[in-house]
K.L.:
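Structure below; questions to follow.
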Amino acid sequence: MPDPICRWRNPTIKTVREIIDVLPKEVLPKDEFRKSVETSFGGAFLRTAYQLACQLGLYYEDGNYYYPRFGTDIISDINTVKSYLKNWLNLYYVPNPYTKSLDSDETIFIHSQLSQLLLDNEKVNWNDAKTKVFGQEIGNDDILKNTINQLSDIIEIKSSNLILKEGARRSDIIKYKIIDSIVDIRDDKKCFFELFGNNHLSIKTFHSSIVTEISGNLSELVAKFLKDLLESKLIYDKELVMRFSSALATKPFLILTGLSGSGKTKLAQAFAEWVCEDKSQFNLVPVGADWTNREPLLGYPNALEDGKYVLPDSGVLQLILKAHQDSNRPYFLILDEMNLSHVERYFADFLSAIESKEEIKLHSGNGSWKNGDLEIPSTIKIPANLFIIGTVNIDETTYMFSPKVLDRANVIEFRVSRDELEQFLDNPANIDLDILRGQGASMAKDFVQLVKNNSAIYSQKKDLADELLKFFSELKNVGAEFGYRSAFEIQRFAALSEQLVEEWEFEDIMDAAVAQKLLPKLHGSRRKLEKVLFKLGDLCHPETDKGCEELFKKHETITEEVISEAKYPISFVKIVRMHKGLIDNGFTSFAEA
């Protein structure tokens, strides 16, 4: 029975300090090292303790020399030892050069892979957890349990169950995500030793002489997507792409509105092409002007033939069924020009199912109905790995979205700046989406896991709450307050943005949240909305010398310099435009032609 960790002692701070005290602090010829430890450890080191010392990455030997982890005596530095051990636990993998008896085709990162089991579960039976991770019976179970309970910040084994530690959150598990396999280096003592010198959020693995950086968070997803967009000749504002990625992770229903021809559909299509392995994972569906019910999306029971179901020509139901069967990969439904028909008519079942997590009834049969090789269940849920993106153009041929639809999504407005247009005109080129195909597929599984994480908490939770309450109080005074759903989704957006976009500060996240969740619901007459816009303007630009009621009297005085000084510039610019529409037309709404 193989042992993931040897039995000499539990790898505690006390044990490690004792080993470090014995080990030489400088590189030595192998023979000199062995003579030294045999003398200082009473002759038993190389028969017992050496294996644990090597598993802990405290030293390694090549053919001729001994190499120590620590070059100075840190026997009194408890914090250094503790920090090292916590990092070691997260990176320790089996099989390794000192656990060759473990039979596995893949590298097993013990702490990370045990942690992943708790992403969707409150607790897991410890024996079941071991079976899932190791695939076989293991020895030294007590040593492994003690090691995890003493060193892990996020998991523990208690009452025969694997559970989250008190105070830990499921969102913390994402930070401890490790690559799935490094089979190439399992028997390489040098690589094993060097791995533990790296921080747990930025792990280096060594394949021969090649160094590959593996990030423990998902910020590289956004950075890589931005880089690949440029190569495909698609030009988007960096902030817009960051907002798009974070909003999509927050809630898999996203509405893109704004200027016609500004790239709404292309961005949705580009992300789907980029993160999916093949085209069967996404479906671009033009919404018809004659859609009056759900049949173009979900099909219908065949009234002439009992037990038969007519599939939609759009392929939407087929996409949903496939997403259910393949829950670890993302699937995308892109509804182009979503408001060519009344959304509430053809999309009502989706809106309800997204929010309630309840099933949509497809037919009245007890079991599945057949359509060719496809089985159609009587009910179906919207799977968590299905992302629905709708694009919206506003003109005389389209219908306005109701506030209840907008409240169920993040809404992102697309504009084209002078600089972006100038950049395009300097080098106009055909867009090449083939360059994007599958370039982000290696991150797809992590992205889906992030979306399924329902316990993410923003690190500046109190600051966020205080700021939201300011907006709530001002909006309530004029009858435009928001509810629990918006508050929850803003908190979730902030928490996931923190993991996806490293460079965003609190103000950036709050600005995006106000623009996407609070402003889209505003529409109405000057009498109803003008005071609301003044109050919102003051909150978004609190440093202005005069309040927005005075500032908005002459819109031409609101220069780029004034905008740049705003606390929340994206939201402030939108409020200014909405107020100008209010003055010019006597009515305004978030969606513009």
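This is a predicted model, so every value here is computed, not measured.
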K.L.:
Listed by chain and number, what are the ring-ring contact (aromatic ring centres under 6.0 Å, His included) partners of Y236, not counting sequence neighbours?
P.N.:
none

K.L.:
Not counting sequence neighbours, which residues clear side-chain hydrogen bond (donor to acceptor under 3.5 Å, both in side chains) with E467? List them please.
P.N.:
K470, K567, Y568

K.L.:
Which residue pairs satisfy the salt bridge (Lys or Arg N to Asp or Glu O under 4.0 Å) criterion with at least one member in residues 238-265, sequence neighbours excluded?
P.N.:
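Salt bridge (Lys or Arg N to Asp or Glu O under 4.0 Å) check on residues 238-265 returns K238-E503, K251-E355, K251-E489.
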
K.L.:
For S571, what residues pass the side-chain hydrogen bond (donor to acceptor under 3.5 Å, both in side chains) criterion, not counting sequence neighbours?
P.N.:
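Listed in chain order: D511.
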
K.L.:
Apply ring-ring contact (aromatic ring centres under 6.0 Å, His included) to H342 and list each qualifying residue two or more places apart in sequence or on a separate chain.
P.N.:
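Once residues adjacent in sequence are excluded, the partners of H342 under the ring-ring contact (aromatic ring centres under 6.0 Å, His included) criterion are Y399.
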
K.L.:
E565: what forms a side-chain hydrogen bond (donor to acceptor under 3.5 Å, both in side chains) with it, not counting sequence neighbours?
P.N.:
none

K.L.:
Partners of E122 by salt bridge (Lys or Arg N to Asp or Glu O under 4.0 Å), sequence neighbours excluded?
P.N.:
R170

K.L.:
Considering residues at least two apart in sequence or located in another chain, which fulfil the ring-ring contact (aromatic ring centres under 6.0 Å, His included) criterion with W291?
P.N.:
Y346

K.L.:
I'd like to check the side-chain hydrogen bond (donor to acceptor under 3.5 Å, both in side chains) partners of K322; sequence neighbours left out, ordered by chain and number.
P.N.:
S280

K.L.:
With sequence neighbours excluded, tell me which residues meet salt bridge (Lys or Arg N to Asp or Glu O under 4.0 Å) with D290.
P.N.:
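Salt bridge (Lys or Arg N to Asp or Glu O under 4.0 Å) check on D290 returns nothing, list empty.
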
K.L.:
Listed by chain and number, what are the ring-ring contact (aromatic ring centres under 6.0 Å, His included) partners of F587, not counting sequence neighbours?
P.N.:
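If we apply the ring-ring contact (aromatic ring centres under 6.0 Å, His included) test to F587, skipping adjacent residues, there are no hits.
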
K.L.:
Could you give all pairs that pass the salt bridge (Lys or Arg N to Asp or Glu O under 4.0 Å) test and reach residues 335-351, with sequence neighbours left out?
P.N.:
R294-D349

